[in-house]
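Please read these numbers as outputs of a predicted model, since none were measured by experiment.
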Amino acid sequence: MKIFSISVVLAPPSGTCVILSNASDLSSFSFYQKGSVGEFMSFFSKTVAERTPQGQRQSVQENNYTAHVYNRGGAEQLAAVIITDQEYPVRPAFSLLAKILDEFTAKVPQSSYDNPATISFPDINTYIQKYQDPRQADTIMKVQQELDETKIVLHKTIESVLQRGEKLDNLVDRSNALSAQSKMFYKTAKKQNSCCVIM
């Protein structure tokens, strides 16, 4: 599960999209591939943002990549795009996009949208590093993982109790057998002693 790119895009209903802020993690690509992969990520982000109607979310697959888009629309006309591998879960991706759009609109004035080069939004770099693990973005996934871990511990505990119970059953059976043998020994010894009386 990996996030390759996060972008905040100005997406007017008619017209071309402009990337206002973006961050990418291309560490899994070689030095020679990073430039062309970065260009592909920018092109892919703008294209899917342009083709997503305002107020909607969608996921688009292209080869090994999935672009999750949330075009909020409204007065700001903003969209957010996250490009991940195919294993990254959908729910955390969309919750991260909503969080990024909320913070972007709170920290960046709408008057600066006309000049994207002047926009400073360093939080986007923090998000791309922090949310490489989708459990950070989605508390439900985090709780599910904790439940799975607890379930594993409980299964191990139950198995050990069952093994202990089997061992106890074996001990009880052995003690019953030993008890029966000792009773037979006592009776046999009493018989033997009754016929040979010492005077």
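Side-chain heavy-atom separations under 4.5 angstrom define the hydrophobic clusters, and M184 shares its cluster with no other residue. F31 belongs to a hydrophobic cluster whose remaining members, ordered by chain and number, are Y32; membership requires side-chain heavy atoms of ILVMFWY residues under 4.5 Å apart, directly or through intermediates.
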May I have the list of side-chain donor-acceptor pairs in residues 40-53 shorter than 3.5 Å, sequence neighbours left out?
| residue | atom | partner | partner atom | Å |
| --- | --- | --- | --- | --- |
| S42 | OG | G38 | O | 3.3 |
| S45 | OG | M41 | O | 2.8 |
| T47 | OG1 | F43 | O | 2.7 |
| E50 | OE2 | C17 | N | 3.1 |
| T52 | OG1 | V48 | O | 2.6 |
| T52 | OG1 | Q58 | NE2 | 2.7 |

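For the pair T105/L101, no side-chain contact is recorded, criterion being any heavy-atom separation below 4.5 Å from C-beta on. At least one side-chain heavy atom of Y88 sits under 4.5 Å from a side-chain heavy atom of I3. For the pair F104/I119, a side-chain contact is recorded, criterion being any heavy-atom separation below 4.5 Å from C-beta on. Looking only at side-chain heavy atoms (C-beta outward), F4 and V37 stay at 4.5 Å or farther from each other. Side-chain contact check for Q56 versus N71: every heavy-atom pair is 4.5 Å or farther apart.
In the hydrophobic clustering of ILVMFWY residues, with side-chain heavy atoms under 4.5 Å counting as a link, V90 and V60 come out apart. Put simply, V81 and F121 are part of two different groups of oily side chains (I, L, V, M, F, W, Y) that touch within less than 4.5 Å, one to the next. When the side chains of ILVMFWY residues are joined at heavy-atom separations under 4.5 Å, either directly or via intervening members, V108 and V9 end up in two distinct hydrophobic clusters. There is a path of hydrophobic side-chain contacts, each under 4.5 Å, that joins Y70 to I82. Using a 4.5 Å cut-off between side-chain heavy atoms of Ile, Leu, Val, Met, Phe, Trp and Tyr, with links allowed through other members, L20 and L96 fall into the same hydrophobic cluster.
Here the CD1-NE2 distance, from I6 to H68, works out to 11.0 Å after rounding to the nearest 0.5 Å. To the nearest 0.5 Å, atoms OG (S7) and CD1 (I100) are separated by 9.0 Å. In this structure, OG in S5 is found 7.5 Å from CD1 in I124, a value given to the nearest 0.5 Å. The CG atom of D25 sits 12.5 Å away from atom CD1 of I83, with the distance rounded to the nearest 0.5 Å. Expressed to the nearest 0.5 Å, how far CD of Q86 lies from OG of S59 amounts to 11.5 Å.
Applying the salt bridge (Lys or Arg N to Asp or Glu O under 4.0 Å) test to every pair with at least one member in residues 103-112, sequence neighbours left out, gives these pairs: E103-K107, K107-D123. Within the structure, salt bridge (Lys or Arg N to Asp or Glu O under 4.0 Å) pairs that include any residue of residues 57-78 comprise R72-D102 (at least two apart or interchain).
Nearest heavy atom pair, residue P92 against residue S95, reads O-OG, 3.0 Å.
In terms of modelled atom types and a separation under 3.5 Å, the side chain of Q54 and the main chain of P12 share no donor-acceptor contact. D85 places a side-chain N or O within 3.5 Å of a backbone atom of K2 that can act as its donor or acceptor partner.
When the side-chain hydrogen bond (donor to acceptor under 3.5 Å, both in side chains) test is applied to T16, no partner is found at least two apart in sequence or on another chain.
Around the CG atom of N115, the shell of radius 6.0 Å holds more than 12 heavy atoms that belong to other residues, nucleotides or ligands.
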